[in-house]
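A short write-up of the structure that comes next.
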Protein chains: 2
Amino acid sequence: MNKCDQCIVRQLSSLKALNKDEVVKLANSKTTYTIKKGEAIFEEGEVTNGVFCVKDGVGKLSKLSANGKDQIVKLVKSGELLGQRSMISNEPANLSAKAIADMEVCFIPKSEIIHFFNNNNQFSLNLMQSVCEDLKESENDKIALVQKTVKQRLAETLLHLHNEFGENADKTLKVQLTREELAGIIGTATESCIRLLSDFNKLELIELVGKKIMLKNIKALKRMAE
Amino acid sequence: MNKCDQCIVRQLSSLKALNKDEVVKLANSKTTYTIKKGEAIFEEGEVTNGVFCVKDGVGKLSKLSANGKDQIVKLVKSGELLGQRSMISNEPANLSAKAIADMEVCFIPKSEIIHFFNNNNQFSLNLMQSVCEDLKESENDKIALVQKTVKQRLAETLLHLHNEFGENADKTLKVQLTREELAGIIGTATESCIRLLSDFNKLELIELVGKKIMLKNIKALKRMAE
DNA sequence: ATTATAACATGATAAATGTCATAGTTATAG
DNA sequence: CTATAACTATGACATTTATCATGTTATAAT
């Protein structure tokens, strides 16, 4: 079994507040899983009874609509916890979690989290803050959906992906999303997303390197996102 | 000073977990304010350093956009706490809180809330759950904004207002929103909102009694919202 | 290597929604 | 009790965005 005390990722999440004893307890109760790109960690409606700590890779939280489109609510990366909300609310998952790039995740049973929550004030405050952060982001997204055009939201999302996940050696975005997934984040039709990417390409705001995207004029993208 | 132990509203919020001593402490530190319809409790960007407990009336949490439109993120009523998120995140308010109907609110300083959070597990769990509830709602709203038409969102919102706030003796909705505010909730232009209300009226789904709205065919509205 | 499948791309068109103009109606202040 | 402002209403039109059709390119499976 891998010891959690050597896991760098732990330092990035609410779990950083745990003391030595608690980390040992954590290491003894956790289970590690490997999730291949495209596979699900959990699906909408499932009862998870714990949280997943993302050790490596990138995932998406999304909800399938009646017309078959997948609306992406949030992307997650190393150090983030998944399923906190459903666990705290005692509800089945409201969203599905799937891997966008191969992932390694650790499952931590609910009983452990509740125990830490009740016995470690710093941990409960951290957990609270991370849910608050999610709430703020969600509210701001909601406002952007109403107040901004698809073009603005695309510019905004490209900048956000660049900030959050960085770029490869060839300057292209590190997160490799399909056009469909990108459309699912900004909340538009796949074709509209593709069309706008073409436009941005012609305007030399970005460069399309095969399926990859390179940001060429960040200043102009920022202006456009306003 | 009003004693908090006689305040029924307290039973509706996270504060219900407080014990006798804590309630005395609460009563000694709180300040009560009266807010007239249209006035603000706090504005976007303000540092509040505490939370507001809504004793009476109805309020809205909203954000002003560049084009001058007010996007309403959430309505609040008796028993709810305002400003929890900003307080926990140590940030200025992300949204403005204004009264839609005359309100009475109690201000509780941050130090008190943090003290309760650290010393009363049930309180911290309640507070956590209420933020989680807000998060779930916000995520679902976000999905609805993308996946549903304005017409569907209007139907959904009317039903929601009916459920949440109830109706007057004449069967009209109890929350008295302007068309502009209603448009701000569903995220559309005021004219579009008015037009759709007219359509709904003609279809006998609702009846417009002056500025008030009466739901006439709830079943059909539900069908429309899907 | 070849075929099948998924992803990307673009045009044509339709539908939904926003914007501007204008007028009637209700509420409110003096 | 009037006048002034705010709210409601509706038409005409412009714009944005979705949908359907079709072709091309990349990726994966045999």
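First the proteins, then the strands, lettered A, B, ... as listed; each starts at 1. Keep in mind that this is a model prediction, so the values were computed, not measured.
Remark: A:Ser198 is in phosphate contact with C:dT10, judged by side-chain N or O atoms under 4.0 Å from OP1 or OP2. Of the side-chain N and O atoms in B:Thr188, one or more sit less than 4.0 angstrom from OP1 or OP2 of C:dG18.
When the P atom of D:dT17 is taken as reference, atom CD1 of A:Ile194 falls 16 Å away, rounded to whole Å. One can place CZ of B:Arg179 at 12 Å from P of C:dT26, the figure rounded to the nearest angstrom. Rounding to whole angstrom units, CG of residue A:Asn201 and P of C:dC8 are separated by 14 Å. As rounded to whole Å, 10 Å separates atom P of C:dT10 from atom CG of A:Leu197. B:Lys151 places its NZ atom 10 Å from the C1' atom of C:dA16, with the value rounded to the nearest Å. Rounded to an integer number of Å, the gap from CG of A:Leu182 to P of C:dA7 is 14 Å. Rounded to an integer number of Å, the gap from B:Lys37 NZ to C:dA27 P is 10 Å. One interatomic measurement links the two molecules: CD of B:Gln176 to C1' of D:dC7, which rounds to 12 Å at whole-angstrom precision.
With sequence neighbours excluded, no residue forms a ring pair (Phe, Tyr, Trp, His ring centres under 6.0 Å) with B:Phe200.
For the pair A:Glu139 and B:Lys63, the salt-bridge criterion is not met [side-chain N within less than 4.0 Å of a carboxylate O]. Looking at B:Asp70 and B:Lys60, a side-chain N of the basic residue comes within less than 4.0 Å of a carboxylate O on the acidic one, giving a salt bridge.
For B:Lys148, the NZ atom sits in a packed shell: over 12 heavy atoms of surrounding residues, nucleotides or ligands are nearer than 6.0 Å. Atom CD of B:Glu180 sits in a sparse spot, with 12 or fewer heavy atoms from other residues, nucleotides or ligands closer than 6.0 Å.
Across all strands, B:Thr149 comes closer than 4.0 Å only to sugar-phosphate atoms, never to a base (heavy-atom distances).
Between A:Gly210 and A:Leu196, the one whose closest nucleotide on DNA chain D sits nearer the 5' end is A:Leu196.
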Kindly list each side-chain donor-acceptor pair under 3.5 angstrom involving residues 211-224 of chain A, sequence neighbours excluded, with atom names and distances?
{"unit_1": "A:Asn217", "atom_1": "OD1", "unit_2": "A:Ala220", "atom_2": "N", "d": "3.0"}

Do any N or O atoms of the protein come closer than 3.5 Å to N or O atoms of nucleotides 19-24 of chain C, and which pairs are they?
{"unit_1": "C:dT19", "atom_1": "OP2", "unit_2": "B:Lys69", "atom_2": "NZ", "d": "3.2"}
{"unit_1": "C:dT19", "atom_1": "O4", "unit_2": "B:Arg195", "atom_2": "NH2", "d": "3.0"}
{"unit_1": "C:dC20", "atom_1": "N4", "unit_2": "B:Glu191", "atom_2": "OE2", "d": "3.4"}

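The line from SG of B:Cys106 to CG of B:Leu82 is 11.5 Å long, rounded to the nearest 0.5 Å.
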